[in-house]
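To start, the structure itself, in structure tokens.
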Amino acid sequence: MLPTPFKKWATRPVYSKSIQIRVPFKKENNILTLVIQLNNRLIFALIGIFSIIAILQVSILMSGKEETQLAKTNTLTDTATKEYLEGEGLTANSTTDENTNEADNDEVEYNDVVEYGYKHLSKTNSLPKVETEDKRKSFLKAKHTLISEALIANQVSRLDQLSDKKMIELNQKLSDAFITIVFNQTKVEPHVMAYFTGTKDLKKFETALMEQAKYHVPASIKLAQSALETAYGQRIVNNNYFGIKDKRGKTKAITTTEYYTAAEYKANKSKVVSSKIIKKDGKTLYKCLIKDSFADYTSPWESFRAHSIFLNESKRYSPLFTKGKDYEDWADKIGSTKYGGVGYATSPIYGELLKKIIKRYNLDLLDY
């Protein structure tokens, strides 16, 4: 209960306004009087409400400023890494093969890279197992030595505790060792060699190793996906190396291939250009050419980083991170939902192709 003096003060009117309204349908007393009255209690209540709103707005603004500042700090931290890892860069809708002719028309088609990957791998032959094993053992020994030396020298227990500068130094040594001991000693096709070891767009081995340490995406998976999604750099649209779609639809729609169930075909029919029915493992699928938009990145490095964030921040892909370092488990799980995957791609053979690429080029040796 409020004390009587305060109660009288709180309820004391400080503003009063009377409004008279004539009510024509009443014969007597047809004047209706409305009284608007403010008292101290109401004024303080209004002041309290507006104060709370103001405090909330300030808190939101400060929170946004802190997030912006954090983003700026992260950007500044990554700048040196980005500048080192990137080459001269590629413009949108370009290819890494300097001998590839540009498209004659304005539209750049995003080819069926999965079909290309399947045909390409069908034509390649692996090295004899004994020869491959010798090279793998030599690199693994060198890798373990380099990693141990880096951890001991910097007095840390995990690679993600290294500074970006120290991580770059280590990744450069690991990349050089892998190329020297394994990659250069393997029968790698010229365009594949150019894609993985070329530095015009990006130092891919070193970038994949960096993203692995920071975001725990196996380097082999990142490299294999980038190779598959771009047909080893022969088709790169908007600096997009991972086929990530533009959900806002702000980029120009181009042609791509998707594999739909009957329900998916019906839901996406407006985007379908052409289709044909195929059978795979007892399932009936629609192989469709569709028009879709792909995310646009200002540089190759941003595409590799966006892929890491994309996998880390989406609940859909969280099961991938329970698979540890095993690239086969990752590849099996990342594929189509129609075959038990999380649905990164619709192709029924997406995971199988990733495993073949990784095995063919020994990319799993870069995982740790």
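These numbers come from the heavy atoms of this one structure, side chains and all, not from hydrogens, waters or symmetry mates.
Aromatic rings from Y317 and W330 are positioned such that their centres are separated by 6.0 Å or more.
Grouping Ile, Leu, Val, Met, Phe, Trp and Tyr by side-chain contacts under 4.5 Å, direct or through others, puts V272 with Y260, Y265, I277, Y286, I290.
Counted by atom type alone, K204 and T199 present zero donor-acceptor pairs between their side chains at under 3.5 Å.
Residue G343 comes nearest to R316 through the heavy atom pair O-NH1, 3.1 Å, listed as atom of the first residue, atom of the second, then distance. Considering every non-hydrogen atom in both I244 and H307, the closest pair reads CD1-CA, 4.0 Å. The two residues P319 and K333 make their nearest non-hydrogen contact at CB-CE, 4.2 Å.
Within a 6.0 Å sphere centred on NZ of K173, heavy atoms belonging to other residues, nucleotides or ligands number 12 at most. Remark: K245 NZ is packed, more than 12 non-hydrogen atoms of other residues, nucleotides or ligands lying under 6.0 Å away. Taking a 6.0 Å sphere around NZ of K166, one finds it holds 12 or fewer heavy atoms contributed by other residues, nucleotides or ligands.
Cluster membership for L289 and Y259, using ILVMFWY side-chain heavy atoms within less than 4.5 angstrom, is not shared. By the criterion of side-chain heavy atoms lying less than 4.5 angstrom apart, applied directly or through intervening Ile, Leu, Val, Met, Phe, Trp or Tyr residues, L363 is grouped together with Y350 in one hydrophobic cluster.
Within the cation-pi definition used here (under 6.0 Å to the ring centroid, within 45° of the axis), K325 does not qualify as a partner of Y368.
Of the residues listed (F304, F310, Y297), the one engaging F242 in a side chain to side chain contact (heavy atoms under 4.5 Å, CB included) is F304, and it is the only one.
Partners of K338 by salt bridge (charged side-chain N to carboxylate O under 4.0 Å, His left out), not counting sequence neighbours, listed by chain and number: E264.
Residue pairs that meet the ring pair (Phe, Tyr, Trp, His ring centres under 6.0 Å) test with at least one member in residues 156-182, sequence neighbours left out, are F139-F178, F178-F183, F178-F205.
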